[in-house]
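Down below is the structure, laid out as structure tokens.
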Amino acid sequence: MYKQFDEILTRINDGKLWDFPGGVSPQGKKELSNTTDIDRLPLPKELYVTVKQHIGVEGHVEVEEGQQVLKGQLLTKSMNPFAVPVHAPTSGKIKSISPHVSAHPSGLPKLTITIEPDGLDKWTEMTPLSNYTELPKIKTVEAICSAGISGMGGAGFPTHIKASPKKDVEFLIINGVECEPYISSDDRLMREHAWQIRQGIDVLSHLLTPKKVIIAIEDNKPEAIKAMQVTCQEQDNYIVSPIPTKYPAGGEKQLIQVLTSREVPKQGLPVDVGVIMQNVGTCFAIADAVYTGKPLVERVVTLTGEALNAPRNVWALIGTPIEHLLKQADYQEKRQRNSKVIMGGPMMGFAVASEQVPVIKTTNCILVPADKELPEIGDEQPCIRCGACADACPASLLPQQLFWHSKAKELDKAQDYNLFDCIECGACAFVCPSEIPLVHYYRIAKSEIHNQELEKDQADKARERFEARKLRLVREQQEREEKHRKAAEARKQAMSSDKGDAKDKIAAALARAKAKKAAASDEAADASPEVTGKQDKVAAAVARAKAKREAAKQSTDSEATTDTAEQPVDKKDKVAAAVARAKAKREAAKQITDAEATTDTGEQPQDKKDKVAAAVARAKAKREAAKQSTAHQADATTNDMQQTDTDTSVQAEPTQPMSKQDKIAQAIAKAKAKRDAAKAQQQEQDEK
């Protein structure tokens, strides 16, 4: 059961704190570096700014090779809440953007922005928030995020996430313990910049509104304790609490347990027990970001170890290669049989793979031990199951069980023994008589589990994408089928409608045809008397023509007979008969033409009637002219015949009868003349 707030506060004021299980007390050796002020170093030839230096997501690179940048200029940017940007540590030119050896035990290359300093160290424009108390809290949180601040005393958790919790906070704990041997960067920072640390605490207190602020400092740092007490004496809500020197008292869970007796649940966070913890270096960076607008481009790094002639604390720009730091600390290679540089302390640090490894935001110490300064790591011996590691474990784990399962790659069983509760403090390896590098095995097991989880996560995402695609294809197929079904139904309905329309159209057409037929019948009925009369005339004309043909035939036969009998022919009668026959033919042709025109067209338009009338008038005129011409010819013939008779009578000469051949020729000539006249008349009518 958690201790109540009032009880916790009473015990803190009385100096009666709690304790955490396990822990060790290694030799401190902080005096090597904590006796001098923090020093400033000259610019290195190149700076290697690793893109990702925190727990979370790396940002997108915002610069290009060859580009000139100013100090504090943004190099990366991301909208992901777990992304923290990095900034240019100084002004200069972007030399390259490529993988570079990383500050990690493996030394695997990571994406790095290499900057060649121009020596001007010119700052970009900065925007401080000196009136942050009057602004919305989100503005201050955004300023902290934009400054690229992450935890500077541990794993590098994004500070802006901690500064905006979703739960109430009872205690804001400022971690100034710095329990690991050799490291003194926080000690010197509290001694020299206590006021700025207090300003950072004020900003966090404004954002979190905790009930109490506790500044925890190990009791082996009296100068730092005094400096913070003086700085915080005006704040009644702030308590500077010295704690016993014990490793790893500076661990997050262990310090919470010491101050509040509350235990952070497995896979939980300190805010779950009403606590938020920040490092003193982080508070200093927050004050820089809010009050001056400076991003995180440098930090205090302890240079220590007996292989250095000038161990001290320095302000190191982010991206400074270790080689440059060793040169400034006067590294003595002859003091090491085998070159060895440790990033971090002797308990939790790791040997760097190269002196080109850069300083990152979580780098607090560079340890260069001389030969025999640290216990030499001998050959690994079999575990004797002494249990010393379990006694030293501050997380109350079973290190030997974790070792066996980690070494045997039985990762599931290692997780059953709470592998991820291990804070990798190194206390178990420190007390192991078999000199087994226990933390080394734990780190490898954690890395393999992370890789497996990553692969599993990728496989799960791939499966989800595949299943989603499969469902999408099925859905699209169903949609297509449904669309086709609806289209078919629409076509059927349209066809049914079209059939009905077609039937209606046919019925309407039939009705119109019937109406037209009825109208035509009525018109025919109205025009029947006139048509009938014309037809009768035509029939009469045809009858007369037939009669004339019969008469002409009989006349021809009679003439032939007369010729045979050698009887004289009356030429005057023949001419009159020929004229009569021509008139009859003309009348018959005219009547036939009029009848056909009337029959074909029924009721002629007015203009056509006029044309017909004009044609008839012309035909009549021609007929009259022909008639007169024929009459003249007849008279002339009569006169000729009379003259002939007179002459005959006067001369009294007998006339010679016409021969049969002459008569036939004369008849043929007459027939040809009639035929030519009829043909010419027909052509004239056709032209009209």
Side-chain angles (χ1 to χ4, degrees), residues 51-52 54-65 67 74-86 97-99 108-111 113 136-139 141-142 145-146 148 150 157-158 160-167 267-269 271-272 411-412 415 420 446-520:
V51 170
K52 182 183 176 184
H54 62 282
I55 290 178
V57 180
E58 67 181 28
H60 175 70
V61 178
E62 295 289 309
V63 293
E64 299 177 351
E65 292 184 4
Q67 179 179 342
L74 198 71
L75 299 180
T76 65
K77 185 177 180 180
S78 175
M79 299 303 294
N80 191 294
F82 281 89
V84 175
V86 294
I97 303 174
S98 59
L108 293 175
K110 290 185 178 180
L111 185 63
I113 301 172
K137 292 183 179 180
I138 187 62
K139 295 292 184 181
V141 174
E142 289 176 356
C145 178
S146 298
S150 59
F157 193 84
H160 67 276
I161 300 295
K162 282 188 176 182
S164 53
K166 297 181 180 179
K167 298 181 180 180
Q267 297 181 348
L269 296 173
V271 73
D272 296 332
L411 303 180
D412 292 339
Q415 290 188 80
F420 284 94
K446 287 181 179 180
S447 177
E448 291 179 354
I449 291 172
H450 281 306
N451 291 336
Q452 288 183 0
E453 290 179 350
L454 180 62
E455 292 177 358
K456 182 178 180 299
D457 184 59
Q458 292 175 345
D460 291 341
K461 290 180 179 179
R463 184 177 65 255
E464 291 175 1
R465 289 195 299 270
F466 173 76
E467 292 176 352
R469 178 180 179 274
K470 188 176 180 181
L471 291 174
R472 177 176 58 81
L473 293 176
V474 172
R475 184 175 64 254
E476 290 177 353
Q477 179 66 22
Q478 292 175 349
E479 290 175 354
R480 285 195 296 270
E481 292 177 354
E482 181 66 16
K483 184 177 179 181
H484 294 163
R485 185 185 65 79
K486 290 181 178 179
E489 291 180 356
R491 285 195 299 272
K492 288 181 180 179
Q493 293 177 357
M495 291 175 66
S496 300
S497 177
D498 291 343
K499 287 181 179 179
D501 294 342
K503 290 180 179 179
D504 295 340
K505 291 179 180 179
I506 292 171
L510 292 174
R512 288 194 299 272
K514 288 180 180 179
K516 287 182 179 179
K517 187 174 182 181

Decide yes or no for Val61 and Leu75: does some side-chain heavy atom of the first lie under 4.5 Å from some side-chain heavy atom of the second?
no
Any non-hydrogen side-chain atom of Glu58 less than 4.5 Å from a side-chain atom of Val86?
no
Apply side-chain contact (heavy atoms from CB on, under 4.5 Å) to the pair Val271 and Lys162, showing each step before the final yes or no.
CA-CA 9 Å; Val271 73; Lys162 282 188 176 182; over 6 Å; no
Taking all heavy atoms of [X] and all of [Y], pick out the closest pair and write down the distance.
X      : Y      : answer
Pro158 : Ile55  : CD-O, 3.3 Å
Arg485 : Glu489 : NH1-OE2, 2.5 Å
Cys145 : Ala83  : SG-O, 4.1 Å
His54  : Phe82  : NE2-O, 3.3 Å
Glu62  : Gln67  : O-OE1, 4.5 Å
Val63  : Leu74  : CG1-O, 4.0 Å

Can you tell me if CD on Glu64 sees more than 12 non-hydrogen neighbours from other groups inside 6.0 Å?
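No, because the 6.0 Å sphere around CD of Glu64 holds 12 heavy atoms or fewer from other groups.
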Within a radius of less than 6.0 Å around CD of Gln267, do more than 12 heavy atoms belonging to other residues, nucleotides or ligands occur?
no
Mind checking side-chain contact (heavy atoms from CB on, under 4.5 Å) for Leu411 and listing every partner two or more places apart, or none if nothing turns up?
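side-chain contact (heavy atoms from CB on, under 4.5 Å) check on Leu411 returns Ala445, Glu448, Ile449, Gln452.
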Sorted by chain and number, sequence neighbours left out, side-chain contact (heavy atoms from CB on, under 4.5 Å) with Leu471 holds for none
Lys/Arg-Asp/Glu bridge criterion (N-O < 4.0 Å) met for [X], [Y]:
X      : Y      : answer
Arg472 : Glu476 : yes
Lys483 : Glu479 : no
Lys461 : Glu464 : no

If you measure from [atom1] on [X] to [atom2] on [Y], what distance do you get to the nearest 0.5 Å?
X      : Y      : atom1 : atom2 : answer
Lys167 : Leu269 : NZ    : CG    : 8.0 Å
Arg463 : Lys470 : CZ    : NZ    : 13.0 Å
Leu111 : Lys52  : CG    : NZ    : 12.0 Å
Leu454 : Ser447 : CG    : OG    : 10.5 Å
Ser164 : Ile138 : OG    : CD1   : 6.5 Å

Between Gln477 and Glu481, a side-chain donor and acceptor under 3.5 Å
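Gln477 vs Glu481: donor-acceptor pair found between side chains.
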Ignoring hydrogens and geometry, is there a side-chain-to-backbone donor-acceptor pair from His160 to Pro81 under 3.5 Å?
yes
Would you check if the side chain of Gln415 reaches a backbone N or O of Phe420 as a donor-acceptor pair within less than 3.5 Å?
no
Could you walk me through whether Gln478 and Glu482 pass the side chain to side chain donor-acceptor pair (under 3.5 Å) check?
CA-CA 6 Å; Gln478 292 175 349; Glu482 181 66 16; over 6 Å; no
